[in-house]
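One structure follows; several queries about it will come next.
Lettering of chains follows the sequences in order, A, B, ..., and the numbering in each one begins at 1. Computation of the quantities below employed the complete heavy-atom set of this structure, encompassing side-chain atoms and omitting hydrogens, waters and symmetry-equivalent molecules.
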There are 2 protein chains.
Amino acid sequence: MAYRRTAAVQERLDATRIRIVSAAHDLVAEHGYAGCSIALVAGAAEVATGSVYRHFPDKGALFAEVFRTSTQREVDAVAAASALPGTVAQRLSRAVETFAHRALASPRLAYALIAEPVDPRVEAERLAYRAAWTDLFAGLVDDGLASGELPGQDPRVSAAAAVGAMAQALVVPLHHGSAEPHVVPELTAFITRSLGASS
Amino acid sequence: MAYRRTAAVQERLDATRIRIVSAAHDLVAEHGYAGCSIALVAGAAEVATGSVYRHFPDKGALFAEVFRTSTQREVDAVAAASALPGTVAQRLSRAVETFAHRALASPRLAYALIAEPVDPRVEAERLAYRAAWTDLFAGLVDDGLASGELPGQDPRVSAAAAVGAMAQALVVPLHHGSAEPHVVPELTAFITRSLGASS
DNA sequence: TCAAAGAATGAATCGGTGTTCACTACTTGC
DNA sequence: GCAAGTAGTGAACACCGATTCATTCTTTGA
């Protein structure tokens, strides 16, 4: 034997992998998924196109990871905001506001993560996270039902509808045109009413 | 001169054009936009691939027309249902129910028209119809504000959110999985509450 | 220093579709 | 029937980006 992958090499490999994912993330956030060719990602990460394939089996796998990590960050942020103590109505408002403000801060990324056309393999990842979003809001509805703060309803349907309302009201319009922050309180009120939370 | 397009020829041309659009519509309704190649459409319409280009300048133009006609039919149906006399709450319920039942009847088509990834040129058409949907619901909200049946709100934001809620709650889930008709009354209640319509 | 093995490269390949166009078939008016 | 002009055809082309792989560059342990 004459070669063995040392810790130093492994570190460099890891760093390169992270640089590739990071570059892909940045490109998506700036230009969207469309127009994110492997060559472009490789260039941004300062590696050769072929090198990308030493870390990911194909394009779908790379962008699935990008979507996974990016969306998880959003879900975590909203979950944290909604987990703080308070009435269900208050927690709901905080969740919507957190989602909205973050989307307004990175509109292109938000559009890419939620609505932009993507490859089937990436779409599968998105589907999984749609479920995560729905679960998050369904949990809030469950809490409201248990405490009697919310009127009878199917938490899954209500949660899916609420997620759709947020996406359409915020993300899709942002795609074409500029941010309109006044939408946030309107949307919060809409969601709060929709689930039957008094205030 | 030795050739002039007679009425008979024009009729045949028109018929062929309609056959192409109709074939494209059927293919979208069955398999979605993805996998609707020009060759497939031509085959279904029983013309050569090149013949499609005697009626449409490119693929985008063909499918833009498919989307336009299909969506207009849906908008018209919902508009008619919501135009019947009654309280705003009643008209709203009828609108949601009409939308929902039609979507459940043709889930693949509904998904294609509302959520499926499409070409930019077709996306532009969709964007225009998103506005049509929003206008329709915004009009209902306007009526409710005027009559005092609905509480103060931005009709545009509420309408966009309501449209998003319908799309997400119905169309997107339908894409993967089977129809669940019990969703309709849940969704109706959700929308009614969200706009602040008492019942 | 050297051989062995892995890592990195990027030009070439490949596959899939939209589009074209040289050609055939048909229609028309004389 | 015939010439002029149009409609219809479908194989060939063009394009584009993902993927491959023969080659070069690095690292390793002796």
Which listed nucleotide (dA8(C), dT19(D), dG8(D)) is nearest to the side chain of Leu13(B)?
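Of the candidates, dG8(D) comes closest.
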Is any side-chain nitrogen or oxygen of Thr6(A) closer than 4.0 Å to OP1 or OP2 of dT28(D)?
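Looking at the OP1 and OP2 atoms of dT28(D), one of them is under 4.0 Å from a side-chain N or O of Thr6(A).
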If the cut-off is 4.0 Å, is Arg54(A) near the phosphate of dT9(C), judged by side-chain N/O to OP1 or OP2?
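Checking dT9(C) against Arg54(A), no side-chain N or O comes under 4.0 Å of OP1 or OP2.
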Donor-acceptor contact present, side-chain His101(A) to main-chain Glu97(A), <3.5 Å
yes
Flag, side chain of Ser106(B) to backbone of Ala103(B), donor-acceptor distance under 3.5 Å
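Checking the backbone N and O of Ala103(B) against the side chain of Ser106(B), no donor-acceptor pair under 3.5 Å is found.
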Taking the side chain as C-beta and beyond, is there a heavy-atom pair between Phe63(A) and Val41(A) under 4.5 Å?
yes
5' precedence on DNA chain C between Arg12(A) and Ala8(B) (nearest-nucleotide basis):
Arg12(A)
Nearest of dT9(C), dG6(C), dT27(D) to any side-chain atom of Arg5(A)?
dG6(C)
Roughly, in whole Å, what's the span from CD1 in Ile38(B) to P in dA11(D)?
17 Å
Given that Ala7(B) and Pro57(B) both sit by DNA chain C, which one's nearest nucleotide is further toward the 5' end?
Pro57(B)
To the nearest Å, how far apart are Leu40(A) CG and dG17(D) P?
10 Å
Would you indicate whether the side-chain heavy atoms of Tyr3(A) and Val9(A) approach each other to under 4.5 Å?
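Sidechains of Tyr3(A) and Val9(A): in contact.
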Need one value for Ser37(A): base, sugar-phosphate or nothing, where a base atom within 4.0 Å counts as base even if backbone is also close, heavy atoms only.
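Here Ser37(A) touches the backbone only, sparing every base.
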Could you tell me how far apart Asp14(B) (CG) and dA7(D) (P) are, to the nearest whole angstrom?
12 Å
With the side chain of Thr16(B) defined as its heavy atoms from C-beta on, choose the nearest nucleotide among dA7(D), dT28(D), dG8(D).
dG8(D)
Could you tell me whether the side chain of Arg126(A) and the main chain of Glu116(A) form a donor-acceptor pair under 3.5 Å?
yes
The contact string for nucleotides 11-16 of chain C, one letter per nucleotide 5' to 3', using protein heavy atoms under 4.0 Å with B, S and - for base, sugar-phosphate only and none, comes out as B-----
Taking Arg91(B) for the side chain and Ala83(B) for the main chain, is one N or O donor matched with an acceptor at less than 3.5 Å?
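No; zero donor-acceptor contacts below 3.5 Å.
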Separation of Ile20(B) atom CD1 from dA7(D) atom C1', in whole Å?
12 Å
Could you tell me how far apart Tyr3(B) (OH) and dC26(C) (P) are, to the nearest whole angstrom?
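Between P of dC26(C) and OH of Tyr3(B): 13 Å.
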Gap between atoms CZ and P, on Phe56(B) and dG18(C) respectively (whole Å)
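Value for this atom pair: 15 Å.
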Tyr53(A) has an atom OH; how far is it from atom C1' of dA18(D), in whole Å?
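Nearest whole value for this atom pair: 4 Å.
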Is it the case that more than 12 heavy atoms not belonging to Gln72(A) sit under 6.0 Å from its CD atom?
yes
Starting at NZ of Lys59(B) and ending at C1' of dT17(C), how long is that distance when rounded to a whole Å?
8 Å
